Amino acid sequence: MTSLGLPPAIQACLFDLDGVLTSTATVHAAAWKETFDAFLARREGPEFQPFDPVTDYDLYVDGMPRADGVRSFLASRGIRLPEGDEGDPPDQDTVQGLGNRKNALVLAKIEEVGVRAFPGSVRYVTAVREAGLRRAVVSSSANCQAVLAAAGIEELFEVRIDGVVAAQRHLPGKPHPDTFLAAAEALGVGPHQAAVFEDALAGMEAGRAGGFGYVIGVDRAGQADALRKHGADAVVTDLAQLLGESA
């Protein structure tokens, strides 16, 4: 292993955003909970089973494109909604409407509390850049560029494959590997030469399905075993550990 905690063959690093580089995963979980709880309360009344911001988030929405997350969670409750249109208002009970509600809540929460990059992640990506490895952000979020800019880390990355790019290129989101494969291609490396850094179970599956050279799970939620089961070659609680630092 190199001083970056990577196999010597690795020439590029592909980083998820929320939960790996920035602390916005908790913001997304809170927005999903507010969205789904309001919907379930309208549909089922006061006895509804609330959205669990840990278990339901990890299993059904984390790392996925927004509409896929809506479909996935609702399917777990036996609910199927009309697809609707991308312009559906946030109060409309369609897949797109719920997704738009969640996005509006995320933007409001980010505006309210700001965006923080994990210091250990910033040190690690900086070390990756200094070592001459290529770097990309791979995120299902359509707000990826704004979050990177708000966190002050946009310039650390050469390539960004996010929800906007995925929609333009018709790339399926995680757990499919297509967005990671697109990032590797943009950096001029093969999958076996690239390492994937993810905190989501769907991201682990994408890394495994894409045949990437190394898949690192970032455990921010006490799910190390699940990350390994879904495809992680190694699990850390902070990227600084890969530099030999304590978390």
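The residues of the chain are indexed from 1 along the displayed sequence. Just so you know, these numbers come straight off a predicted model, no measurement behind them.
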Test item: side-chain donor near acceptor, T24 and T22, under 3.5 Å: yes
Parallel, tilted or perpendicular: ring planes of F51 versus F36, cut at 30 and 60 degrees: tilted
Candidate pair E44 and R77, rule salt bridge (Lys or Arg N to Asp or Glu O under 4.0 Å), full reasoning: CA-CA 11 Å; E44 300 176 2; R77 299 293 180 90; 5.3 Å; no
N/O donor-acceptor pair under 3.5 Å between D162 side chain and A142 backbone: no
Trace of the side chain to side chain contact (heavy atoms under 4.5 Å, CB included) decision for F15 with F157: CA-CA 9 Å; F15 298 91; F157 304 95; 3.7 Å; yes
Worked verdict on D16 versus V218 for side chain to side chain contact (heavy atoms under 4.5 Å, CB included): CA-CA 10 Å; D16 176 47; V218 183; over 6 Å; no
R42/D93 under salt bridge (Lys or Arg N to Asp or Glu O under 4.0 Å): CA gap, chis, key distance, verdict: CA-CA 10 Å; R42 291 195 303 273; D93 287 345; 2.5 Å; yes
Any donor-acceptor pair under 3.5 Å from E158 side chain to R135 backbone: yes
Side-chain heavy-atom pair L4, I10 within 4.5 angstrom cut-off: no
Spatial distance of atom CD1 (I153) from atom CD (E155) [nearest 0.5 Å]: 10.0 Å
Note: K174-E198 ion pair, threshold 4.0 Å (strictly below): yes
N143 side chain reached by N103 side chain, heavy atoms, under 4.5 Å: yes
Side-chain (N100) to main-chain (E86) donor-acceptor, under 3.5 angstrom: yes
Linked, directly or transitively: L107 and L17 (ILVMFWY side chains, under 4.5 Å): no
I216-M204 co-clustered via ILVMFWY side chain contacts under 4.5 Å: no
Pairwise distance CZ(F180) to CD1(I161) - rounded to 0.5 angstrom: 11.0 Å
Flag side-chain contact, heavy atom, 4.5 Å: F197 against V137: no
Interatomic distance, L74 atom CG to L81 atom CG [nearest 0.5 angstrom]: 5.0 Å
Ring-face cation contact, F118 with R220, 6.0 Å cut, 45° max: yes
Check: D238 side chain, A240 main-chain N or O, donor-acceptor pair, under 3.5 Å: yes
From R66 atom CZ to L98 atom CG, the distance as rounded to the nearest 0.5 Å: 11.5 Å
For the student: nearest non-hydrogen atoms of A202 and M64, plus distance: CB-CG, 4.4 Å
Note, Y57 side chain near H28 side chain (heavy atom, < 4.5 Å): yes
D85 side chain to D88 backbone, donor-acceptor under 3.5 Å: no
Nearest atoms (heavy-atom pairs only) where D199 meets G19: OD2-CA, 3.6 Å
Main-chain N/O of D52 paired to D56 side chain as donor or acceptor, under 3.5 Å: yes
Sidechain-backbone polar pair: S76 side chain, F73 backbone, donor-acceptor under 3.5 Å: yes
Gap separating the CZ atom of R134 from the CG atom of L14, nearest 0.5 angstrom: 11.0 Å
Pairwise distance OG(S121) to CG(L156) - rounded to 0.5 angstrom: 10.5 Å
Cluster overlap Y214 with Y124, hydrophobic side-chain contacts below 4.5 Å: yes
R101 side chain near E34 side chain, heavy-atom distance below 4.5 Å: yes
